[in-house]
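Shown next, in structure tokens, is the structure this report addresses.
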Amino acid sequence: MAENGAVPELPEVESVRRQLAPRLEGRRILSVTATPQLRFHHVEAAAHHTVASLRRRGKYLLGELDGGLELVMHLGMTGSFRFRGDPGWTPDTYVRATFELDDDVMEFRDVRRFGSLAVVPAGDYRGLATLASLGPEPLSDEFDPSVFHRDLQRSSMAVKPWLLTQRPVAGIGNIYADEALWRARINPHARSVGPARARALWQAIREVLFEAIEREGTTFRDYRMVNGESGRNAPFLVAYGQAGRPCPRCGTPLRKVTLGGRGTTYCPTCQRR
DNA sequence: CTAACTACCTGAACGC
DNA sequence: TGCGTTCAGGTAGTTA
């Protein structure tokens, strides 16, 4: 099975949450077994607790447990959940953690081990720096265009790597950063963004994420929802993965560069510096 | 404190 | 065929 290019970002994690929530909420976790991993912290402490709710913040899934605990889950690049009781289940060497529930067994599968699982006192993210300083939810009212402009100007980093830090706004990864910057006509290298362009980017971020959620995320190869299905957003990508193809706005071939160590595709004409 | 760099991890794709 | 190299990427850790 191909394993790269999956990359769960906010729309993919939200799609997983929507399928996972009804299967976890109200369920009691009887036991947890996990392989020793750098990115797993006290996962076994979830045992004997009931999942009250499953929320999402950025790319993080947050399971509220009784007893004041919280199960924090991040899919990394290749993380996914599956249930033993589902049709077609077969044993798999990439299962890194197993949650025995009162009605089924949930498995966390993660080929590249970039995913993370942690049980913490609810809201105590001291060991999770990115979650602790996570920016606002882009599709909520707390994401404000003028505050976003100020936050963009706060850093001297290029705009795209700054978006990827999760600090000015939560949930943007490499795919939707390229898509939103293209839509807002902003050069990914820009180190300063004026108020009008910041507002355009604010709008573009909300649009690309909203549309991707409606299509249940982007699947290239192996991002899958809990029900095993693919997201339908891939054919709608305009920038990410489209290097060399003509820009749909102006026809200029899209250019791919490396920025902040990440592949970055943009239109050199309509995203001029 | 910020920003820049690197490690982590694995399999696909590529080059010879 | 087979082997080696490069690439993908979010986050955490280290360094300047």
Side-chain angles (χ1 to χ4, degrees), chain A residues 1-14 16 34-43 56-62 72-80 92-97 108-118 120 124-135 138 150-181 188-193 205 209 212 217-224 231 234 237 239-244 256-265:
Chain A
M1 186 192 298
E3 299 289 357
N4 57 345
V7 201
E9 302 181 31
L10 187 151
E12 293 72 37
V13 177
E14 177 60 21
V16 169
T35 60
Q37 298 224 195
L38 224 52
R39 292 171 168 82
F40 289 174
H41 301 284
H42 306 112
V43 194
R56 181 193 54 72
R57 269 288 278 141
K59 306 173 195 172
Y60 292 84
L61 290 168
L62 305 174
V72 179
M73 298 171 276
H74 194 292
L75 300 177
M77 292 188 60
T78 54
S80 64
D92 187 313
T93 54
Y94 301 117
V95 169
R96 312 298 186 191
F108 180 63
R109 179 180 190 268
D110 186 14
V111 173
R112 289 191 196 174
R113 305 175 192 260
F114 274 30
S116 56
L117 300 174
V120 298
D124 182 353
Y125 304 140
R126 276 174 296 179
L128 302 154
T130 303
L131 181 56
S133 58
L134 197 62
R150 189 199 65 200
D151 286 344
L152 284 181
Q153 292 304 88
R154 242 176 51 205
S155 169
S156 63
M157 290 173 73
V159 60
K160 181 180 170 184
W162 179 233
L163 287 175
L164 295 182
T165 66
Q166 310 300 301
R167 291 178 59 192
V169 61
I172 306 287
N174 211 32
I175 298 171
Y176 299 108
D178 280 2
E179 292 301 305
L181 289 166
H189 301 87
R191 287 178 187 273
S192 176
V193 177
I205 286 169
L209 295 179
T218 301
T219 299
F220 291 103
R221 295 175 184 87
D222 86 328
Y223 154 71
R224 291 290 184 278
L237 296 182
Y240 181 88
Q242 310 300 314
K256 182 167 182 180
V257 297
T258 299
L259 176 54
R262 294 291 169 252
T264 298
T265 305

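Each chain gets a letter, A, B and so on, in the order its sequence line appears, and its residues count up from 1.
Applying the 4.0 Å criterion to OP1 and OP2 of B/dT2, one finds that A/Arg154 has every side-chain N and O outside that range. Between B/dG11 and A/Tyr94, a contact under 4.0 Å exists linking OP1 or OP2 to a side-chain N or O. At the phosphate of C/dA12, OP1 or OP2 sits under 4.0 Å from a side-chain N or O atom of A/Thr130. Contact between the side-chain N/O atoms of A/Gln166 and the OP1/OP2 oxygens of C/dT11 is found at a separation under 4.0 Å. Remark: A/Lys256 is not in phosphate contact with C/dC7, judged by side-chain N or O atoms under 4.0 Å from OP1 or OP2. Using a 4.0 Å cut-off, some side-chain N or O of A/Ser155 falls inside it from OP1 or OP2 of B/dA3. Proximity of A/His74 to the phosphate of C/dG10: no side-chain N or O atom is located under 4.0 Å from OP1 or OP2.
Atom CG of A/Leu117 is separated from atom C1' of C/dT11 by 14 Å (rounded to the nearest Å). Computed from coordinates, the A/Phe114 CZ to B/dT10 P distance equals 9 Å when rounded to whole Å. Taking atom NZ on A/Lys59 and atom C1' on C/dA12, their separation rounds to 14 Å, with Å as the unit. Between the P atom of C/dT11 and the CG atom of A/Leu10 lies a distance of 11 Å, rounded to the nearest Å. Taking atom CZ of residue A/Phe40 and atom P of nucleotide C/dA12, one finds them 14 Å apart after rounding to whole Å. One atom, CG of A/Leu75, and another, C1' of C/dG10, lie 11 Å apart when rounded to the nearest Å. Straight-line distance from the OH atom of A/Tyr60 to the P atom of C/dG10: 12 Å, rounded to whole Å. Remark: P of C/dA12 and CZ of A/Arg167 are 13 Å apart, rounded to the nearest angstrom.
With hydrogens and angles ignored, a donor-acceptor pair under 3.5 angstrom links the side chain of A/Arg112 to the base of C/dA8.
With distances taken from any side-chain atom of A/Val111 to the nucleotides B/dA4, B/dG11, C/dT11, the minimum falls on B/dG11. Comparing B/dT2, B/dA3, C/dT11 against the side chain of A/Ser156 picks out B/dA3 as the nearest.
With axes fitted over five pairs at each extremity, the angle between the ends of the helix from B/dT2-C/dA16 to B/dC16-C/dG2 is 50° (10° resolution).
Side chain of A/Glu9 to main chain of A/Tyr176: a donor-acceptor pair is present (N/O by atom type, distance under 3.5 Å, no hydrogens or angles).
Heavy atoms from other residues, nucleotides or ligands lying under 6.0 Å from NE2 of A/His42 number 12 at most.
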Go through the steps for A/Asn174 and A/Tyr240 under the test side-chain contact (heavy atoms from CB on, under 4.5 Å), then give the verdict. CA-CA 8 Å; A/Asn174 211 32; A/Tyr240 181 88; 3.9 Å; yes
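As judged by a 4.0 angstrom heavy-atom cut-off over every strand, A/Arg113 is placed among residues touching the sugar-phosphate backbone only.
A/Arg113 has no carboxylate O lying under 4.0 Å from a charged side-chain N of A/Asp110, or vice versa, which leaves the two without a salt bridge.
Of all non-hydrogen atoms in A/Ile172 and A/Lys59, the two that sit nearest each other are O-NZ, 3.3 Å.
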